[in-house]
Amino acid sequence: MQGLFDTHVHLNDQSLIQDIDGVIARAEAEGVARMLCVGWDIDSSRRAVEIASRYRNIWASVGVHPHDAKSLDADSMAEIKDLAGKPKVVALGEIGLDFYRDLSPRPVQESAFRKQLAIAKELDLPVIIHDRDAGADIMRIILDEGPPAAGGVMHCFSEDADYALQAVELGFYIGIAGPVTFNKSDALREVVRKVPEDRLLIETDAPYLTPEPFRGRKPNEPSFVRFVAEKIAEVRKTDAETIAKITDANAERLFKRLRNKV
Ligand code: NI
């Protein structure tokens, strides 16, 4: 396998950063050609930018996750804007709503989501959206604010096929992660069947959500993105190389700054 693009990985997480050269070497050995390192607060966004500056095949995204929404004040808004202008930053995120863990009050999450959508629009950057048990509210806010012209990705997609097609209609890509390999994920595999091929992305969300066959046995890492590609290929009755090629081209279309020379 070659040319895999893990479009959502937290190499800036302590568990991965401590062995980052090993993590990257194992990913490359499994055919991972590019990775997008995603921030969730100011510090992790800074680390994402720093990691991207050190490795030719890693890019960065900066933003404040709904868990950390209560930390988004005027200073951190300014810092996000500043970081978003750094070389190799290709997206704003992850941003959104998490009504499963509710680590920030919901009105605070909504406000942080709206503010960062506005930053993304101002900078013409695509957004990386985190949705956990909050699909209806995310859609309400996107329709209310208007979808960003630069588009975005519904990362680690967990809604149904109708929702996916509505998101596609609004200019979004659908990020498929490890859960597509889980036994109970028939609804997600239905999404994978129905989404137009030019809107699919693959990701690990490592160190979380290890795919089968390593679920429950190993922490996730980007080398495992091939299991996601292989499952998508099985569902869509094609081969994993084709899925790698298609999803890589999709990522390049969405994350336009990948083409910037640095
Ligand atoms: Ni994530």
Side-chain angles (χ1 to χ4, degrees), residues 4-17 20 23-24 27 32 34-52 58-69 71-72 80 83-84 88-104 109 112-113 116-117 120 125-135 138 152-159 167 172-182 185 188 200-211 214-215 218-225 227-228 247 251 254-255:
L4 293 162
F5 193 153
D6 184 353
T7 58
H8 193 113
V9 53
H10 300 290
L11 295 167
N12 44 354
D13 184 274
Q14 216 40 52
S15 66
L16 292 176
I17 211 169
I20 192 162
V23 167
I24 292 169
V32 178
R34 300 198 268 190
M35 288 166 263
L36 175 49
C37 178
V38 177
W40 63 86
D41 63 6
I42 297 295
D43 282 347
S44 62
S45 295
R46 275 197 206 111
R47 286 199 297 282
V49 170
E50 193 270 326
I51 290 167
I58 298 175
W59 283 261
S61 171
V62 301
V64 175
H65 188 285
H67 289 344
D68 300 284
S71 75
L72 189 71
I80 290 291
L83 285 168
K88 297 183 85 177
V89 174
V90 300
L92 204 108
E94 52 189 293
I95 62 175
L97 303 175
D98 193 310
F99 291 174
Y100 179 74
R101 295 187 61 195
D102 277 322
L103 295 186
S104 286
Q109 292 188 39
F113 183 34
Q116 293 181 95
L117 271 177
L125 275 174
V127 289
I128 297 176
I129 292 184
H130 172 101
D131 160 22
R132 189 118 190 242
D133 292 355
I138 285 190
V153 53
M154 298 286 182
H155 124 77
C156 193
F157 191 78
S158 61
E159 303 291 340
F172 287 92
Y173 288 65
I174 306 298
I176 304 295
V180 75
T181 68
F182 299 171
S185 297
L188 184 55
L200 281 171
L201 297 178
I202 55 172
E203 58 170 270
T204 56
D205 202 16
Y208 312 107
L209 294 168
T210 306
F214 294 125
R215 184 184 192 195
K218 288 186 181 183
N220 201 5
E221 56 173 67
S223 62
F224 297 161
V225 78
F227 298 117
V228 174
T247 52
L254 174 60
F255 303 117

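Counting starts at 1 for both ligands and their atoms, following the listed order.
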Item checked: Rounded to 10 degrees, the angle NE2 of His10 makes with NE2 of His8 at the Ni ion (ligand 1) -> 90°
Note to self: Determine whether a donor-acceptor pair (N or O, by modelled atom type, separation under 3.5 Å) exists between the side chain of Gln116 and the backbone of Leu92.
What the structure shows: no
Next item on the list: Check Asp205 and report its N/O/S atom nearest to the Ni ion (ligand 1), by atom name.
Entry: OD1
Checklist line | Flag for Asp6-Thr204: side-chain donor and acceptor within less than 3.5 Å | finding: yes
Next item on the list: Mind telling me whether His65 and His67 have parallel, tilted or perpendicular rings, with 30° and 60° as the class edges?
Entry: tilted
Item checked: Distance-minimising heavy-atom pair for Leu201 and Tyr173 -> CD1-CB, 3.9 Å
Notebook entry, point to check: Taking just the N, O or S atoms of Glu94, which one is nearest to the Ni ion (ligand 1)?
Noted result: OE2
